[in-house]
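In what follows, chains carry the letters A, B, and so on, assigned in the order in which the sequence lines appear, proteins first and then strands, with residues in each chain numbered from 1. Hydrogens, waters and symmetry mates are skipped; everything else that's a heavy atom, side chains included, is used.
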Amino acid sequence: MTVRRLRIQCPHCGVRAIEEFLHGEIPTIPERVVDPDARDLDRAFMHTNAEGLVTERWFHAMGCRRWLTLTRDTRTNDIPERTTSYPPS
Amino acid sequence: MNEFVERLVDLRWPDHVRPSYDVVIIGGGGHGLATAYYLATRHGITNVAVIEKGYIGSGNSGRNTTIIRANYGIPEAVRFYQHSLEMYGQLEQETGRDLMHATKGLLWIAHSEAGVRQERARAEINTAFGSRTEYVDVKTISEICPQLDMTGQGVWPIYGASYHPAGASARHDRVVWAYAEGAMRLGVHVHQRTTVTGFLRDGDRVTGVQTTAGPIGGGLVVSAVGGHVTTLASMVGLRLPIRTHQLQAFVTNRYAQAFGPIVASSGLGVYVSQTAKGEMLVGAEVDRAPAYAYDSGHSFLRSCAFRSIALLPFLRDLRVLRQWTGVCDMSTDYSPVMGFTGVPNLLVTTGWGTWGFKAIPAGGEQMAALIATGRTPPLIAPFALERFANDRTMADRGSAGTH
Amino acid sequence: MANGSLLTHLLRGEKYPAGGGCLCLAGDCPHCLATVDGIAYVRTCQTPYHEGVSVEPHPESGRLPPPVSLGDRAPVPARSIHCDVVVIGQGPAGRGAADEARDAGQHVVTLESRLGQDAIGIYPGPLVVARTNSGMWHLYPREGIVVATGASEIQPVVPGNDLRGLVTARAAAELTSTGIDLGRVIAVGTPPADVVATTVAGELVRFEPRSGDPRRVGAVVMRDAKGQEQRHECDTVSLGLGLTPRDALLRMARGTNIRGVGDVLLAPDLPPCPSTGVVCPCAGVTVDDLRSVHGRGFRELDLVKRATLAGTGPCQGAVCVPHIRSFLGAQGSDPPASFTARPVTRQLTLGEAAAGAHHAATPRTALDSQHRALGAQMERLGGWWRPWHYGDVDAEYTAVRNGASICDVSTLGKMQISGPDAVALLEHLYPVPIASLAPGRSRYVLLLDERGYVVDDGMVSRDSETRFTLTFTSGGARFAEAWVRDWAESLDCDVRIMNQTMSLGAINVTGPRARDLLALAGVDSPPAFLHHAVATVAGVSARIFRLSFTGEMSFELHHAADDSTDLWQRLLDLGAGLGVRPHGLEALMKLRLEMGHIIVGQDTDFDSTPRRLNHEWAVRLDKPSFVGRAAVVRTNKVSLDRQLCMLEAEGEAPAEGATIWAGDDYAGYVTSSGWSPALGRSVMLGWLRVQPGINAGSAGLPTMVTIDGRPAHRVTTRSFDPEGLRARA
Amino acid sequence: MRALERMLFTRVVATPAAIDRAVWPTGALVLRIAQDEVLAAGTVDLGAVPDQHAIVEPETAFCGAWVDHKSGIQFLEHACDWELPAERPAFAQGAVAGIPVKVWFEAERILFLVPVPFVIDFAERWS
């Protein structure tokens with residue numbers, strides 16, 4: 001199956017239940033700074049809260065203790081396997 | 001024949017959609033309908049439409065755990081929810097409908113010294129602002145709820161609790177219907193199965209909504225939608241401090257009324273009550289990752305069943321009947337957002353997260369007052385959207401992650 | 001079922017567990033429910049019979065007392081099974097699907113409710129959860145799920161449908177095949193297979209009780225094509241009224257790799273619109289009830305359900321939905337196929353649901369058994385088991401203020417960072433300069449989030465040009481590593497990060513005689529204040545950090561967790577002459593409170609900016625960038641609304657959480673409170689709101705306030721050791 | 001299960017490339033717990049890891065127990081929801097009975113490594 005829900009393929013540890021992970025922020029796409037205060041306020045408090053695909057980070061707290069990045073559909077919690085990536089370094 | 005069949009409410013649906021209304025309210029849940037009801041009953045404003053994409057009460061109003069309480073952690077919230085709790089106490093009389101309102105008392109259990117401090121603090125601030133909550137010791141807890149395992153299975157021993165005698169519940173659907181009926185009787189139009197697809201604009205100004213039933217003009221437009229509020233707001237370029245999270249719960253089969261109070265535990269992260277039907281109702285905190293999915297999770301059921309048995313061992317042999325999920329509009333500071341949005345003629349009532357049901361009467365009444373007078377009533381002024389820009393967030397430990 | 005089902009066993013003895021009603025023998029209807037071996041709402045048709053089983057019928061009201069005496073019941077085991085395909089249902093279609101998958105070389109797990117394997121739900125995962133007689137199965141299919149749950153039979157909705165002797169056509173066939181004599185059978189609709197029965201035509205009107213046995217069917221009344229009622233006497237009525245797919249699992253799992261085979265894909269048969277009788281036996285809803293609520297404006301399937309509670313009982317709509325659909329169709333609406341499908345499709349106890357779950361394990365330090373042996377009251381604090389006190393808080397306090405004491409601080413977050421970009425990373429993480437910190441020195445740091453709120457505090461110690469040791473609070477440590485790694489990756493820093501929170505023990509040696517204790521442990525020249533050094537302490541290799549939370553001279557000894565018990569015991573032994581004793585957190589709370597040191601989480605709130613915490617000294621806005629800087633700059637432009645302040649009052653300490661009043665106005669609340677032996681009065685930390693014009697002192701904060709009805713006053717400089725001389729001694 | 005006993009490891013954090021190229025003691029148990037992190041039984045020389053910024057520290061925070069293969073698998077089937085590796089030897093880590101555990105699978109036996117702070121809870125959940 002290429003689609004998982006609430007199970008995450010950790011590139012280092014394998015498929016694990018979502019409870020093994022901490023949810024990180026949904027990265028905001030860098031915007032052109034027009035008014036630094038307003039942008040900062042928006043980043044701090046306002047949310048796109050997308051109904052659909054989001055790219056987000058999860059920390060595998062019960063395993064390798066590293067961040068991974070994946071794409072999830074917030075309408076269904078589908079996580080297409082191919083979208084998961086491990087941090088470079 | 002059963003005692004739960006609705007025999008009083010009479011819903012009179014409109015047979016047409018007017019081209020425009022003085023006020024268009026998006027969202028036929030408790031908050032939207034209560035706002036319409038109070039506009040009609042308190043301010044004589046009846047040229048009002050409530051637009052609902054499903055059926056009334058099909059969102060979070062019909063998916064919550066029906067708990068009414070006012071034991072919050074900051075003065076502004078205690079005042080607001082206490083007012084709402086008192087309005088609930090009068091609502092059956094006012095509407096003439098049987099809302100199955102029952103005062104049960106709510107125990108909030110502490111399992112550690114830190115928990116004791118928190119529950120003592122809750123009692124202090126509640127008492128100071130007119131909401132009765134007292135700190136109670138283990139002996140009193142046993143008397144209030146003899147089914148509690150005071151040892152917490154040897155893992156989560158009970159140290160003490162705050163007790164909120166006014167904690168209550170009511171049947172969620174009946175609250176929705178009573179407001180809908182009352183509003184419609186005075187001429188408010190409630191349009192079910194009508195989805196808002198966009199806004200009508202005149203420059204910056206919002207002049208109405210585009211819907212699956214065609215354009216509908218509105219002098220003022222009020223968003224009273226739940227989990228999908230940011231998607232709606234984005235149609236006018238408005239960003240809100242809201243994230244949408246799933247909240248799950250389950251009930252057991254019905255058992256005889258033998259369980260009086262509502263029991264909550266921050267340490268175990270569960271709350272348990274009994275419905276009027278006799279079902280045991282168990283809920284927990286929201287799921288962590290934002291989501292709009294209505295799937296019910298197994299890990300929730302498993303973990304929540306496990307933790308609730310630690311608190312109330314008799315639950316072990318009860319049978320799970322049904323699980324469900326709502327999608328909740330959680331604000332950044334865990335407090336509601338009510339009032340003007342910065343977009344002319346668009347108002348919002350949101351951020352109800354997991355505590356919207358208990359706020360329906362006060363939220364509706366205060367929003368109606370705001371709409372009718374154009375001025376924000378003092379009770380909800382602290383919950384205005386501009387608090388985020390003004391560095392006046394309403395961080396409330398008494399509300400975070402609970403019911 | 002090897003011994004036959006419990007229900008067939010009961011029927012042989014003419015026992016009807018739920019009183020009456022049309023039995024389906026397929027787990028769909030509520031007419032065979034009973035309390036079995038102490039568990040209520042058990043479907044006896046799906047339960048194997050065993051010797052000595054106890055069966056109690058449910059009371060007429062349908063409301064059972066919850067179990068009171070629990071008795072022994074072993075925890076239910078849970079088993080995880082990973083396979084390729086799960087096939088739910090082992091009728092012909094399910095068997096075919098399973099064979100096909102096996103032939104394709106796939107690892108197949110099958111579930112069959114008649115074997116006591118009830119699929120209770122298909123959950124996100126995908127995960128199929130099954131309740132079995134040997135515990136819970138959690139099935140994780142890699143390739144797919146096949147639902148072959150078939151179809152249920154439509155139940156009759158006419159007067160008398162609660163009588164005994166009514167069975168579905170399939171149930172009639174099954175009972176006959178097990179040797180139960182049904183007597184004279186009248187078949188309505190599709191006749192049962194291999195059963196001698198008289199098939200009658202027409203429209204079903206009602207069932208009539210038998211004379212002499214009002215609970216048992218004696219006749220069925222049909223209306224023929226001419227509109228005439230025909231009465232047919234019988235012992236049993238077999239009802240073949242049509243099929244409705246048992247597709248809740250299929251609908252529940254939409255979107256995953258799931259398919260249905262066989263009858264589960266049938267278009268549902270629609271029974272005739274019911275005119276009278278009970279529609280929903282679980283909730284006792286009648287056709288009249290449907291009419292009544294429909295007339296009151298409840299016109300949608302879900303609104304009818306909510307207005308009557310039809311479909312909310314143990315059978316979750318299996319009996320009533322076809323009839324309500326038919327009813328609504330007759331009123332001109334086009335109802336959806338059914339309610340939203342929600343787990344659980346077969347019921348299980350909470351004890352079964354909980355199988356395999358555990359409490360979140362609270363970690364223990366390497367000294368846990370030492371603390372318990374010393375009689376400590378252990379508490380969960382900051383996510384760890386920690387000693388709250390050892391029985392004598394006053395003596396523990398006094399040992400720190402007047403002599404020397406040790407405290408287990410192993411729970412602190414501990415981390416090493418190394419690499420060419422270590423300085424750059426830490427400069428971004430912390431609101432104080434890092435580059436200027438010399439090797440061998442330490443600095444107190446706040447951790448801010450991007451909202452400019454304080455989320456933790458700790459120390460940064462520099463070991464070399466490219467290497468640092470960081471500490472975090474016990475509560476903050478859980479997230480510290482994720483936080484540091486997140487920023488290191490986001491900023492693309494070339495660093496190595498090692499979290500040593502659980503690897504290292506830490507013991508704080510504190511008190512005016514701390515240096516003497518270290519000397520006894522063989523450390524002659526311990527580091528100066530805010531310095532650190534590596535040394536051997538009582539034979540244990542340790543890194544010594546000189547800092548202070550208690551207000552006294554303090555040395556934090558970080559060491560391999562394996563050495564903790566040795567080091568702890570040796571310090572106690574060596575310090576016996578100095579009166580060294582350990583102190584717990586209750587004493588520590590008081591010691592730090594006298595110094596005005598905050599505890600993040602207890603004294604801070606979600607929105608505590610450095611300014612609100614009176615910690616602007618710990619933030620250097622002349623740094624060009626650090627996490628939260630923009631937010632601090634922004635919020636500093638807004639007038640201050642409240643501040644965390646030190647307060648003092650005569651007499652005993654008010655409760656933590658006590659409200660603070662300025663005259664009649666609410667001013668804030670106490671976050672920490674304790675009696676100070678050093679000062680002879682109570683000291684507190686608490687939030688004070690700016691009160692323009694009312695008893696206003698500096699910055700609009702009240703000076704004199706009331707707590708617990710007693711006067712208290714705000715202090716701007718702490719009274720105990722205001723210069724901090726003791727810590728630096 | 002046999003009592004969990006303290007085990008001495010060396011913990012190494014270095015670039016993934018340096019970990020790939022590092023020379024580990026012959027025959028030593030080397031567990032790659034992350035791309036850039038290794039837990040190696042016994043003592044490892046800093047010089048064996050070709051990364052001048054590597055962090056190499058003794059690690060005593062794990063207790064370990066070897067159990068026979070059959071009882072190890074039996075326990076894991078009831079205690080964790082993730083799929084066990086099929087090949088041998090193999091390393092896996094994740095939640096086992098709700099506790100973060102590292103597992104080393106050999107043909108005949110299985111090593112469970114449990115962080116010291118959770119040893120008591122783990123032992124209770126094993127029984």
Side-chain angles (χ1 to χ4, degrees), chain B residues 1-2 4-7 9-13 55 57-58 62 75 112-114 117 120-122 124-125 128 155-156 173 252-256 258-259 277-278 294-298 301-303 305-306 308-310 313-324 333 390-393 395 397, chain C residues 38-41 62-68 70 73 121 123-125 127 129 283-286 289 292-293 296-298 300 302-303 306-309 314 316 340 342-344 347-351 353-357 359 379-381 388 605-607 635 638 641 655-659 666 669:
Chain B
M1 185 72 179
N2 81 49
F4 301 103
V5 175
E6 175 59 62
R7 300 192 188 282
V9 165
D10 198 357
L11 301 168
R12 293 293 146 202
W13 305 101
Y55 58 91
S58 55
S112 66
E113 292 286 350
R117 185 193 304 127
R120 282 189 190 282
R122 189 194 301 277
E124 285 273 344
I125 191 84
V155 182
W156 291 96
D173 290 329
T252 67
N253 282 317
R254 51 202 283 198
Y255 295 86
F259 190 83
K277 275 195 288 175
Y294 285 93
D295 295 327
S296 291
H298 176 255
L301 174 65
R302 175 161 73 162
S303 155
F306 182 77
S308 55
I309 292 169
F314 79 92
L315 293 175
R316 185 192 68 184
D317 289 346
L318 303 193
R319 305 251 284 179
V320 180
L321 178 62
R322 181 173 69 251
Q323 274 185 268
W324 70 91
D333 63 358
N390 295 344
D391 190 31
R392 293 291 185 268
T393 55
R397 292 179 200 214
Chain C
I39 307 281
Y41 297 101
R63 290 190 180 207
L64 311 176
V68 276
L70 282 169
R73 225 188 273 286
Y123 288 96
L127 161 64
V129 177
V285 178
T286 63
D289 291 332
S292 161
V293 299
R296 294 174 177 279
F298 296 89
E300 306 218 0
D302 278 286
L303 281 175
R306 288 171 180 272
T308 59
L309 297 189
Q316 288 290 290
T340 310
R342 294 164 170 162
V344 295
Q347 291 163 34
L348 71 172
T349 64
L350 266 69
H359 288 297
E379 276 291 319
R380 284 186 182 88
L381 279 162
W388 183 239
D605 218 324
F606 295 152
D607 60 353
T635 55
V638 180
D641 60 338
E656 290 174 343
T659 48
Y666 175 75
Y669 67 97

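Scanning both residues, B:A121 and C:G657, for their nearest heavy atoms gives CB-CA, 3.6 Å. When all heavy atoms of C:A357 and B:R302 are compared, the pair lying nearest together is CB-CG, 3.6 Å. When all heavy atoms of B:A256 and C:P66 are compared, the closest pair comes out as O-CD, 4.0 Å. For C:P124 against B:G297, the heavy-atom pair with the smallest separation is CD-CA, 4.5 Å. Smallest separation of non-hydrogen atoms from B:W13 and C:G297: NE1-O, 2.9 Å. C:P65 and B:Y255 get closest at one heavy-atom pair: O-CD2, 3.9 Å.
Looking only at heavy-atom pairs under 4.5 Å with chain B, the residue among C:D641, C:L381, C:T659, C:T308 that has the most is C:D641. Chain C forms more heavy-atom pairs under 4.5 Å with one residue of B:K277, B:R117, B:R319, B:E124 than with any other, namely B:R319. By number of non-hydrogen pairs under 4.5 angstrom with chain C, the leading residue of B:D10, B:I309, B:V320 is B:V320. Per-residue heavy-atom pair counts under 4.5 Å with chain B were compared for C:G121, C:G356, C:G38, and the maximum is reached by C:G356. Counting heavy-atom pairs closer than 4.5 Å to chain B, the top residue among C:E300, C:R380, C:R342 is C:R380. When B:R120, B:E113, B:E6 are compared by the number of non-hydrogen pairs under 4.5 Å with chain C, B:E113 comes out ahead.
The distance from atom CG of B:L315 to atom CG of C:L350, rounded to the nearest 0.5 Å, is 5.5 Å. In this structure, C:H359 NE2 and B:F306 CZ are separated by 4.0 Å, a value rounded to the nearest 0.5 Å. For the atom pair CZ of C:R296 and CZ of B:R7, the computed distance is 8.5 Å after rounding to the nearest 0.5 Å. Interatomic distance, CG of C:L309 versus CZ of B:F4, reported as 7.0 Å (0.5 Å rounding). Note that CD1 of C:I39 is 3.5 Å distant from CG of B:D317, once rounded to the nearest 0.5 Å. Residue C:L348 holds its CG atom at 11.0 Å from CG of B:L321, rounded to the nearest 0.5 Å.
Only the backbone of B:N390 comes within contact range of chain C, judged by heavy atoms closer than 4.5 Å. For chain B, the nearby part of C:Q316 is the side chain; its heavy atoms alone come within less than 4.5 Å. With a 4.5 angstrom heavy-atom cutoff, C:V638 touches chain B only via side-chain atoms. Of the atoms belonging to C:E656, heavy atoms from both backbone and side chain fall under 4.5 Å from chain B.
With a 4.5 Å cut-off on side-chain heavy atoms, B:R254 and C:Y41 count as touching. In this structure the side chain of C:F298 reaches within 4.5 angstrom of the side chain of B:V9, judged on heavy atoms. Annotation: side chain of C:Y123 is not in contact with side chain of B:D295 (no heavy-atom distance under 4.5 Å). You'll find the side chain of B:L301 stays beyond 4.5 Å of the side chain of C:V129, heavy atoms only. For the pair C:D302/B:S58, no side-chain contact is recorded, criterion being any heavy-atom separation below 4.5 Å from C-beta on.
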